[in-house]
Amino acid sequence: MDMTNKSYVKAVLRVIMCFLLRGLSRLFFRVRVQGIDEALAAGNGKHSSLMVIANHESFLDGILLGLFLPIKKPVFVIHTEYVKRPLLQFFLNLLADYLPIAPSNPMAVKQIIRLLESGRPIVIFPEGRITSTGALMKVYEGPAFVAARTGATLLPVRLDGLSRSYFSRMTHWPRKIFPRVTLSILPPTTLPMPKVSNAKERRHKAGEALRRQMQEMVLTRPYQRTLYGSLCSAMELNGRSRRIVEDIKQVEYTYKDLLKMSLVLGRLVSRLTEPGEKVGMLLPSMTPTLGLFFGLTAHGRIPAMLNYTAGIDGMQTACNAARIRTLVTSRAFVEQAKLAEKLAALQGLTRIVYLEELREGITLGDKLWLICWALRFPHRVEVKASPWDPAVVLFTSGSEGKPKGVVLSHHAILSNIAQIQAVIDITRDDRILNVLPIFHSFGLTAGTLLPILTGSSLFLYPTPLHYRVIPELAYDRACTVMFGTNTFLGNYARFAHPYDFYRMRYAVSGAEKLSAAVRELWFEKFGIRILEGYGATETAPVIAVNTPMAYRSGTVGQFLPGIEYRLQTVPGIERGGVLHVRGPNVMSGYLKADNPGVLQAPASSEGSGWYETGDIVDVDSDGFVHIVGRVKRFAKVAGEMVSLEAVENLALTVSPDGFHAASSQLDASKGEALVLFSTDGRIDRAALQKAAQELGMPELAVPKKIVRVDELPLLGTGKTDYVTLKCMAEAA
């Protein structure tokens with residue numbers, strides 16, 4: 001048989017095989033392709049060179065792309081390891097042309113460039129290998145440099161579903177024989193060549209740009225669920241018998257147990273409340289609290305998480321702002337936390353409901369409803385709701401003023417969870433220790449909902465203040481992920497044994513600036529690099545975070561995918577500007593005490609939908625965010641703007657083991673004068689002046705008044721209470 005006949009036979013076999021495999025794929029994997037028009041426009045002559053980039057979930061990725069991508073004669077760039085597999089090689093030979101490449105081969109880039117310049121579209125997996133975590137793996141710089149060098153059009157394609165198949169490397173997830181598969185073809189884009197003189201730096205920056213594009217691609221998945229709906233889906237995916245949460249009672253609850261709590265508690269409280277009503281929750285971080293939270297959302301009520309560590313004024317302001325008429329708490333908790341006086345002082349409440357009384361009110365009808373209907377069809381129990389409906393009301397810490405109610409939608413919280421998952425791999429193998437209170441956005445979204453909705457085991461501890469107990473818990477439960485604030489993490493490190501965090505993969509810090517002393521202590525004592533992040537209650541809460549793939553000490557990391565930002569200059573401050581952000585995780589709006597119950601949608605000088613953080617930040621050329629300070633935390637001394645945070649950092653330089661906080665008081669001659677509060681009684685002005693000279697700081701940044709305190713006033717979230725400090729400064 002001559003070469004012409006061989007080519008003809010091969011072409012016929014390819015058509016027949018493609019037809020059969022396409023039909024079988026649609027039958028068994030129920031393959032759905034979205035964005036066909038984008039692919040047709042990109043692949044049919046509109047662009048001179050085309051590079052299809054896709055995430056890598058399984059051994060079937062290349063085959064399915066070859067079957068369903070409507071692009072003429074693409075060349076698949078395949079890792080040489082996969083070509084060695086006979087079955088995969090057989091299908092590749094029949095379905096498409098391919099180029100085996102080893103990522104370590106220095107000539108690989110030139111081969112791909114020649115293919116693009118010849119006019120052949122290529123399909124490539126920038127990760128190089130199949131994911132073993134469910135999140136993006138390392139993105140190689142080679143494909144990025146090729147795209148920038150040739151000016152090729154990038155066509156992102158997101159694969160969903162195959163990571164849960166037996167053709168993946170995700171051994172820690174429950175697998176399905178034939179999961180539903182979706183190919184989402186996104187709008188074409190480009191990757192400009194970075195404008196730097198150094199070739200190595202150009203390659204690196206191009207790789208970073210492609211990594212961010214891949215993260216954005218993974219994030220564009222639509223979130224058309226509510227929190228309760230996501231709980232039901234997580235239960236179906238991971239199994240009802242999966243042990244998911246444990247608390248101080250040392251009982252491990254399964255998804256089914258959590259669902260039972262949610263259904264029963266939600267049903268009982270719904271009898272006492274109206275649809276859409278904001279129901280106050282004054283409860284500790286325990287499993288029943290989590291059950292009530294999901295139960296309220298399922299029945300169309302909005303949980304309003306009250307901060308029980310706040311003063312009476314703070315709690316009253318919160319109740320007024322959200323128009324809370326029904327409050328759910330526990331008699332045992334009220335007694336243990338000594339909250340009876342606060343509860344008695346609250347005005348405007350119609351009723352206070354105790355969990356102990358709710359349990360006594362469960363009837364035979366409730367039990368039959370639960371067993372015969374609700375547990376069998378949990379999705380049908382949920383009141384019809386939109387993902388953009390309010391899911392929860394949280395309250396700002398009040399560290400610089402009166403607390404405000406922050407209304408977060410289901411979509412905002414689920415989007416923030418997805419943004420976190422796009423940059424940090426949290427898997428079923430992880431055990432998360434959450435000591436942060438659920439009434440705080442960091443403790444709710446990252447510490448609680450993230451593990452519950454992703455299948456990671458969760459241990460809830462009701463207070464972050466037990467500095468000796470918590471490290472022991474981390475050791476005893478072999479916890480792998482932990483969230484905390486600088487103050488809490490510093491105290492855990494002081495009291496912990498060097499082996500207490502032996503299983504810890506990630507320790508994530510937020511809510512306040514991470515000091516160099518705490519960072520170094522964790523690295524020296526435990527060998528753990530703390531990942532510092534940044535956020536706000538209004539953004540559900542994470543805005544930026546350091547990750548294993550993008551880490552820079554002294555910063556709060558890069559912005560999460562999906563977040564837009566703008567900086568507005570501030571007179572008198574040379575570096576950075578006030579940060580405004582917009583994204584899917586931004587709040588629905590504020591509830592304020594001066595206009596109770598009325599939602600004030602987010603808006604700033606940048607327009608509607610933008611949120612002004614009030615923080616002055618600087619973003620470097622690599623996209624890492626440096627926090628300069630808060631607008632409200634600047635003092636005007638002798639006409640010059642002085643950062644109170646810079647004053648605190650100056651004190652840390654002199655006394656790294658102490659705790660320091662700066663405030664200001666009125667001064668007749670200079671306008672304002674600096675006051676430093678410190679737990680270190682040995683610190684003096686002479687040492688501060690010397691350190692300021694060495695650091696190049698102005699004399700005005702050296703406080704004249706230093707007040708010794710046993711401990712700094714803290715809020716329940718771990719943040720420094722600057723309102724109390726301001727009063728102390730005025731009285732100093």
Side-chain angles (χ1 to χ4, degrees), residues 309-311 397-400 435-437 463-471 484-496 507 509-526 530 532 554 627 629-630 632-633 635 642-665 672-692 694-695 697 701-732:
T309 66
S397 62
S399 60
E400 296 170 356
V435 300
L436 297 175
T463 173
L465 300 176
H466 295 170
Y467 301 138
R468 295 182 186 274
V469 174
I470 288 168
T485 67
N486 176 74
T487 302
F488 296 151
L489 292 176
N491 282 307
Y492 302 150
R494 285 188 179 87
F495 291 101
S509 170
E512 61 177 342
K513 183 177 177 59
L514 179 67
S515 70
V518 172
R519 184 191 301 114
E520 291 167 7
L521 178 59
W522 271 74
F523 190 77
E524 291 294 327
K525 191 170 184 177
F526 312 116
I530 295 178
E532 184 179 4
I627 305 297
R630 284 193 64 78
K632 293 181 180 179
R633 298 217 63 229
V642 178
S643 168
L644 297 179
E645 188 172 326
V647 176
E648 293 167 356
N649 291 335
L650 176 65
L652 278 171
T653 303
V654 176
S655 174
D657 295 327
F659 291 94
H660 318 281
S663 189
S664 63
Q665 61 181 194
E672 287 184 282
L674 302 176
V675 181
L676 177 68
F677 296 90
S678 176
T679 59
D680 187 350
R682 296 168 298 176
I683 194 170
D684 58 22
R685 192 165 190 274
L688 292 173
Q689 283 179 319
K690 182 179 179 182
E694 293 173 353
L695 296 172
M697 295 178 64
V702 180
K704 289 186 176 180
K705 291 187 178 180
I706 302 173
V707 180
R708 166 75 169 82
V709 292
D710 292 331
E711 58 183 18
L712 297 176
L714 297 178
L715 298 168
T717 58
K719 291 183 178 180
T720 303
D721 186 350
Y722 287 108
V723 172
T724 300
L725 272 180
K726 182 68 174 176
C727 295
M728 293 168 61
E730 293 294 347

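Atoms considered below: every heavy atom in the structure, side chains included; atoms not considered: hydrogens, waters and symmetry mates.
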Partners of Arg708 by salt bridge (charged side-chain N to carboxylate O under 4.0 Å, His left out), sequence neighbours excluded?
Asp710
What one should report as the nearest heavy-atom pair of Gly490 and Leu521 is O-CD2, 4.3 Å
Please enumerate all residues that pass ring-ring contact (aromatic ring centres under 6.0 Å, His included) together with Phe526, with sequence neighbours excluded.
Phe501, Trp522
Just jot down the side-chain hydrogen bond (donor to acceptor under 3.5 Å, both in side chains) partners of Ser655, sequence neighbours excluded, or say none.
Asp680
Set of side-chain contact (heavy atoms from CB on, under 4.5 Å) partners for Val709, sequence neighbours left out
Phe677, Thr679, Val707, Leu712, Met728
Give a yes or no on whether Arg468 atom CZ has more than 12 heavy-atom contacts from other residues, nucleotides or ligands under 6.0 Å away.
no
For the residue pair Ala511 and Thr485, what are the closest heavy atoms and their distance?
CB-CG2, 3.8 Å
Side chain to side chain contact (heavy atoms under 4.5 Å, CB included) between Leu676 and Leu650, worked out:
CA-CA 10 Å; Leu676 177 68; Leu650 176 65; over 6 Å; no
With sequence neighbours left out, what residues match Asn649 under side-chain contact (heavy atoms from CB on, under 4.5 Å)?
Lys513, Glu645, Leu652
Please answer whether the main-chain N or O of Ser515 pairs with a side-chain N or O of Asn486 as donor and acceptor at a distance below 3.5 Å.
yes
Ignoring hydrogens, what is the shortest heavy-atom contact between Pro471 and Ala496? Give both atom names and the distance.
CB-CB, 3.5 Å
Rounded distance (nearest 0.5 Å) linking atom CG of Leu465 with atom CD1 of Ile470
7.5 Å
Kindly indicate, with the supporting measurements, whether the criterion side chain to side chain contact (heavy atoms under 4.5 Å, CB included) is fulfilled by Ile683 and His660.
CA-CA 10 Å; Ile683 194 170; His660 318 281; 4.2 Å; yes
Listed by chain and number, what are the ring-ring contact (aromatic ring centres under 6.0 Å, His included) partners of Tyr467, not counting sequence neighbours?
Tyr492
Heavy-atom closest pair (Glu532 atom, Glu512 atom, distance to 0.1 Å) is OE2-O, 4.4 Å
Separation between CG of Asn491 and NE2 of His466, rounded to the nearest 0.5 Å:
12.5 Å
Hey, are the side chains of Leu436 and Phe488 touching, using non-hydrogen atoms and a 4.5 Å cut-off?
yes
